Amino acid sequence: MQYLLSAVLVICISAICFVFSYYTPHLDHRVVALILLLTVSIIAITFDILPVLFAAVFTAFIWDFFFIPPRFTLHIGTTEDTVLLVMYFIISMINAVLTYKIRQMEKLARKKLEKANAIKLYNTVLNSLSHELRTPIAAIIGASDNLRSLNDTLNQETRLELISEISQASLRLNQQVENLLNLSRLESGFIKPKKDWCDITELIHNVVKRVEENSGRKNIHIHITPSFPLFKTDKGMLEQVLYNLVNNAAIHTHSSSKISVHARDQADVLKVIVEDNGNGFPPGETIRVFDKFYRLKHTKATGTGLGLSIVKGFTEAMNGEVKLDNNLNGGAKFTILIPGETSKITV
């Protein structure tokens, strides 16, 4: 196919040059040589070495036969044109080889960079997950061992406390695994939203309830426009986005800090704001918080750094956008804007 495309391109360019040289006396065979050399250079940027060498030989033949006087013969009239033909052939061959070598070097450099990035990502995943997965697993093993070995000597209060510890550790472990699966879905590039009618009010209350149960927070406030219409979107994606935002606020703020969730409908655009009155984000880090595995410097809170990257990925998959700002009075403010269809029925 590359041989065929090279031949077709060379023939088309040569035919155009032949027509113009026939009707325009100023377009002599020396100018045509430069045009054909440019054609070989363009082919060399795209194709492999052998089709490029073929194009170089083919253009040299066409230039000699159709353009160098006397035309329509391989005989060359002057010594100057003979030197020009030889130089053309040598330059086109060198151009083809050098361009091919440059492309090979670029491919090799790209492979080395991809390998280095893969190793870096692998190390980052291990460092990020070693603690986040090991801690809940250790809590589950320790609590379950105590229940099994000391079951007869434990009172009801201690037993319930151990069961609660297992439940919380299991939820934490499940969240980390879910984040990894969501990241895998985003990296695959095949994720597509499955839109259906969704009760935003119910969804937000369910998300807040989950976060409060997992974190023990009771100061998450919900502000939703009265008579909120049904919204057509991917419920699973939106729920994961809101959960990660609210849970992230619960993890990175003091237990006494206030967390608020606002939702309103603006002309077929769902606007959700998750904000807190904590310390906010340091200057210069608001841009990087959506990067995979990125965690704030000098932070005591644990995490894999996947939550906000999943928020950004899922929001963009729903054709929306997410913005982060620091409130003037302190704290962080995440704004989600997702276009969609709203129903006339309100809830």
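Predicted model only: the values in this text are computed from it and were never measured.
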[atom1]/[X] to [atom2]/[Y] distance, rounded to the nearest 0.5 angstrom?
X	Y	atom1	atom2	value
Phe54	Asp48	CZ	CG	14.5 Å
Lys235	Asp199	NZ	CG	8.0 Å
Ile42	Ser6	CD1	OG	12.0 Å
Ile222	Thr201	CD1	OG1	9.0 Å
Met318	Ile336	CE	CD1	7.5 Å
Trp63	Phe89	CH2	CZ	13.0 Å

Hey, mind stepping through Trp197 and Glu341 against side chain to side chain contact (heavy atoms under 4.5 Å, CB included) and telling me if it holds?
-> CA-CA 9 Å; Trp197 293 112; Glu341 183 181 354; 3.8 Å; yes
Do other residues, nucleotides or ligands put more than 12 heavy atoms under 6.0 Å from the [atom1] atom of [X]?
X	atom1	result
Leu74	CG	yes
Gln104	CD	yes
Asn155	CG	yes
His223	NE2	yes
Asn279	CG	no

Just list the side-chain donor-acceptor pairs under 3.5 Å for residues 262-272, sequence neighbours left out, or say none.
{"from": "His262", "atom 1": "NE2", "to": "Glu275", "atom 2": "OE2", "distance (Å)": "3.1"}
{"from": "Asp268", "atom 1": "OD1", "to": "Thr342", "atom 2": "OG1", "distance (Å)": "2.8"}

Using atom types as modelled and distance alone, determine if a side-chain donor or acceptor of [X] lies under 3.5 Å from a backbone N or O of [Y].
X	Y	value
Asn206	Glu202	yes
Asp81	Ile76	no
Ser257	Gly278	no
Asn326	Phe281	yes

In terms of hydrophobic clustering (I, L, V, M, F, W, Y; side-chain heavy atoms under 4.5 Å; direct or indirect links), are [X] and [Y] co-clustered?
X	Y	answer
Ile273	Leu203	no
Leu150	Leu160	no
Leu108	Tyr100	no
Val31	Ile91	yes
Phe66	Ile35	yes

Which donor-acceptor pairs under 3.5 Å do the side chains of residues 138-145 make with protein atoms, sequence neighbours left out?
{"from": "Ser144", "atom 1": "OG", "to": "Ile140", "atom 2": "O", "distance (Å)": "2.7"}
{"from": "Ser144", "atom 1": "OG", "to": "Ile141", "atom 2": "O", "distance (Å)": "3.0"}
{"from": "Asp145", "atom 1": "OD1", "to": "Arg148", "atom 2": "NH2", "distance (Å)": "3.2"}

Tell me the closest heavy-atom pair linking [X] and [Y], and the distance in Å.
X	Y	answer
Asn95	Ser41	ND2-OG, 2.6 Å
Leu337	Pro339	O-CD, 4.0 Å
Ala96	Leu53	CB-CD2, 4.1 Å
Cys198	Thr233	CB-CG2, 4.3 Å
Asn327	Asp276	ND2-O, 3.5 Å
Ile43	Val52	O-CG2, 3.8 Å

Evaluate the criterion side chain to side chain contact (heavy atoms under 4.5 Å, CB included) for residue pair Glu165 and Glu161; output intermediate values, then yes/no.
-> CA-CA 6 Å; Glu165 185 178 338; Glu161 185 178 340; 5.5 Å; no
Test item: [X] and [Y] side chains (from C-beta on) under 4.5 Å apart, heavy atoms:
X	Y	answer
Asn277	Asn329	no
Asp234	Leu238	no
His205	Ile224	yes
Leu85	Ile68	yes
Tyr88	Leu36	yes
Leu308	Phe334	yes
Pro70	His75	yes
Ile166	Leu147	yes

With a cut-off of 3.5 Å and sequence neighbours excluded, list every side-chain donor-acceptor pair involving residues 11-20.
{"from": "Ser14", "atom 1": "OG", "to": "Val10", "atom 2": "O", "distance (Å)": "2.7"}

Using the side chain to side chain contact (heavy atoms under 4.5 Å, CB included) rule, take Leu34 and Leu38 through it: C-alpha gap first, then chi angles, then the decisive distance, then the call.
-> CA-CA 6 Å; Leu34 295 176; Leu38 176 62; over 6 Å; no
Does a side-chain N-to-carboxylate-O contact under 4.0 Å join Glu80 and Arg30?
->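 Counted as a salt bridge, because a side-chain N and a carboxylate O are separated by less than 4.0 Å.
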Check the pair Lys312, Glu316 against salt bridge (Lys or Arg N to Asp or Glu O under 4.0 Å), reporting the backbone distance first and the verdict last.
-> CA-CA 6 Å; Lys312 181 175 171 45; Glu316 291 179 348; 2.5 Å; yes
Could you go step by step and tell me if Val8 and Leu4 meet the side chain to side chain contact (heavy atoms under 4.5 Å, CB included) rule?
-> CA-CA 6 Å; Val8 170; Leu4 178 61; 4.2 Å; yes
